[in-house]
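The structure appears below as structure tokens.
This is a predicted model, so every value here is computed, not measured.
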Amino acid sequence: MDVAHLASFYEVVKRGSFSAAADSLEVSKGMLSRHVSALEASLNAQLLQRTTRRLSLTEAGKTLYLQAGQIFALAQQAEQDIQALTEEDSGRLRFTCPVSTGDRMVSELLARFAELCPGVRVELNFTNAMIDMSEGEHDIALRAMSHVPDNLVALPLGRLRDVVVASPALLVREGIPATPYELSGRTCLLQEHNPAWEQWHFRKGLEEALIPVQGRVRANHYSTLLQLARAGMGYAKCPLMLVEASLAKGELVALLGEWQTSLHPLNVLHAQQRRVPRKIRLFKQVLAEWFAERPHYLI
């Protein structure tokens, strides 16, 4: 059996047509057709039933397709294992996390990682969009998420602490809110377009408050929200780690200190692998150490 012919058959079935498979592999439909015909001849079995409208698998074709999937999965895993052996402290490492979080951490993280793996090139993708790690475009991620997909390995770091902040000028105009309930009548700075984020959750002892907030401005980055908050445009709720410097400078004031606001489970994520490369293990270690040195960011 020719492996190239098997690969062509597998791609045709996977894509559902010769045309789609040809586009995916960047070859001609004629070549794929010849490969499948040669495979059928070598096995002395019909694998596909072809009509002008659709393709369907014969019983032999179904059996071969399932076994071919196992073969190519093993080949991919073998390639990953070899790369893990040969690129322990070289090659590249692709890291993704939310924009504002990455901006806050990046210089300290990379300086420490460079000491451990000086031969590794780091590629950064700071984005607030959720990334599908199973597609293999990123090696490691830092994400605040409640549910971790089954195909990922997660290292829980804790729950990210949020605070509500406002500028001193705004508080002079409107007064300091004594309870979360007062926020429902004030201008707040909203994040993106998720209706769930228009209700701010607070807890103090056994008392809980779910406050519907409103505002005229939305932004998809915390850095933008905090810039607006410093300008006195409204009240913002964000992770403490992002606003600590502004609090220290007196640009913003933390409010409702007796109340605990919403918490985000923070995880370091990477794809499941039989052998995790050393560079991923070390970058995970650097991330965990960074937060361990700043325990007040987490609960």
| Does a donor on one side chain sit under 3.5 Å from an acceptor on the other, for Gln49 and Thr58? | no
| request: Begin with the C-alpha distance, continue with both residues' side-chain angles, and end with the deciding distance and a verdict on side-chain hydrogen bond (donor to acceptor under 3.5 Å, both in side chains) for Thr187 and Gln214. | output: CA-CA 6 Å; Thr187 299; Gln214 57 187 349; over 6 Å; no
| task | Would you check if the side chain of Arg112 reaches a backbone N or O of Ser107 as a donor-acceptor pair within less than 3.5 Å? | result | no
| Any side-chain heavy-atom pair of Phe291 and Met241 under 4.5 Å | yes
| field | Heavy-atom pair with the smallest gap, counting every atom of Leu269 and Ala154 | value | CD2-CB, 3.6 Å
| message | So that I can tick it off, tell me whether Lys204 and Glu208 are bridged by a salt bridge, with the cut-off set at under 4.0 angstrom between side-chain N and carboxylate O. | response | no
| Side chains of Leu255 and Val165: closer than 4.5 Å at any heavy-atom pair? | no
| query | Cut-off 3.5 Å, side chains only: do His138 and Glu123 have a donor facing an acceptor? | reply | no
| query | If you measure only the distance, is there a donor-acceptor pair under 3.5 Å linking the side chains of Ser167 and Arg230? | reply | no
| said: Is there a continuous path of hydrophobic side-chain contacts, each under 4.5 Å between heavy atoms, that joins Val153 to Val286? | reply: no
| remark: In short, Ile280 meets Ile140 closest at the heavy-atom pair O-CD1, 3.9 Å
| Quick one: are Met1 and Leu39 in side-chain contact, heavy atoms under 4.5 Å? | yes
| task | List the atom of Leu210, the atom of Pro212, and the distance in Å for their closest heavy-atom pair. | result | O-CD, 3.5 Å
| Side-chain donor or acceptor of Arg94 paired with backbone N/O of Leu124 under 3.5 Å | no
| Looking only at atom types and distance, does a side-chain atom of Asp2 sit under 3.5 Å from a main-chain N or O of Ala4, one as donor and one as acceptor? | yes
| query | Got a donor-acceptor contact below 3.5 angstrom from the Thr96 side chain to the Phe126 backbone? | reply | no
| field | Over 12 non-hydrogen atoms of neighbours within 6.0 angstrom of NZ in Lys29 | value | no
| said: Main chain of Arg92, side chain of Lys279: is a donor-acceptor contact present, judged purely on distance under 3.5 Å? | reply: yes
| said: Using modelled atom types and a 3.5 Å cut-off, is there a donor and acceptor pairing between side-chain atoms of Thr63 and backbone atoms of Glu59? | reply: yes
| message | Test side-chain hydrogen bond (donor to acceptor under 3.5 Å, both in side chains) on His270 and Asp139; report intermediate values, then the result. | response | CA-CA 6 Å; His270 61 78; Asp139 299 305; over 6 Å; no
| said: If we ignore hydrogens and angles and just use 3.5 Å, is the side chain of Glu40 paired with the main-chain N or O of Leu48 as donor and acceptor? | reply: yes
| said: Do Val253 and Leu171 have side chains that approach each other closer than 4.5 Å (heavy atoms only, starting at C-beta)? | reply: yes
| Given side chains that start at C-beta, do those of Leu64 and Leu6 come closer than 4.5 Å, heavy atoms only? | yes
| message | Looking at Arg294 and Glu108, is there a salt bridge between them, counting it only when a charged N and a carboxylate O are closer than 4.0 Å? | response | yes
| message | According to ring pair (Phe, Tyr, Trp, His ring centres under 6.0 Å), who are the partners of Tyr222, at least two apart in sequence or on a separate chain? | response | none
| Any side-chain donor near an acceptor of the partner, Tyr235 and Glu182, under 3.5 Å | no
| For His5, which residues count as a ring pair (Phe, Tyr, Trp, His ring centres under 6.0 Å) partner, sequence neighbours excluded? | His35
| field | Side-chain heavy atoms of Arg143 within contact of Asn267, under 4.5 Å | value | no
| task | Would you check, one step at a time, whether the test side-chain hydrogen bond (donor to acceptor under 3.5 Å, both in side chains) holds for Arg159 with Tyr297? | result | CA-CA 8 Å; Arg159 294 180 297 169; Tyr297 289 167; over 6 Å; no
| query | With sequence neighbours left out, what residues match Arg34 under salt bridge (charged side-chain N to carboxylate O under 4.0 Å, His left out)? | reply | none
| task | Write down the atom of Leu142, the atom of Phe95, and the distance for their closest heavy-atom approach. | result | N-CE1, 3.8 Å
| task | Verify, without hydrogens or angle tests, whether Gln272 (side chain) and Asp150 (backbone) share a donor-acceptor contact under 3.5 angstrom. | result | yes
| His296 vs Glu244, side-chain hydrogen bond (donor to acceptor under 3.5 Å, both in side chains): CA-CA, chis, key distance, verdict | CA-CA 10 Å; His296 57 294; Glu244 189 175 43; 2.7 Å; yes
| task | Calculate, to the nearest 0.5 Å, the distance between atoms CD and NE2 belonging to Gln260 and His201 respectively. | result | 9.0 Å
| Between Ser246 (side chain) and Leu226 (backbone), is there a donor-acceptor pair under 3.5 Å? | no
| query | Tell me, do Asp103 and Ser100 make a side-chain contact under 4.5 Å, heavy atoms counted? | reply | no
| request: Report yes or no: does Asn128 contribute a side-chain atom to a donor-acceptor pair with the main-chain N or O of Val99 at less than 3.5 Å? | output: yes
| request: Find out whether Thr261 and Val163 are in side-chain contact, i.e. whether some heavy atom of one side chain is under 4.5 Å from a heavy atom of the other. | output: no
| query | Would Cys117 and Arg278 satisfy side-chain contact (heavy atoms from CB on, under 4.5 Å), going step by step from the backbone distance to the final call? | reply | CA-CA 9 Å; Cys117 288; Arg278 181 172 177 267; 4.1 Å; yes
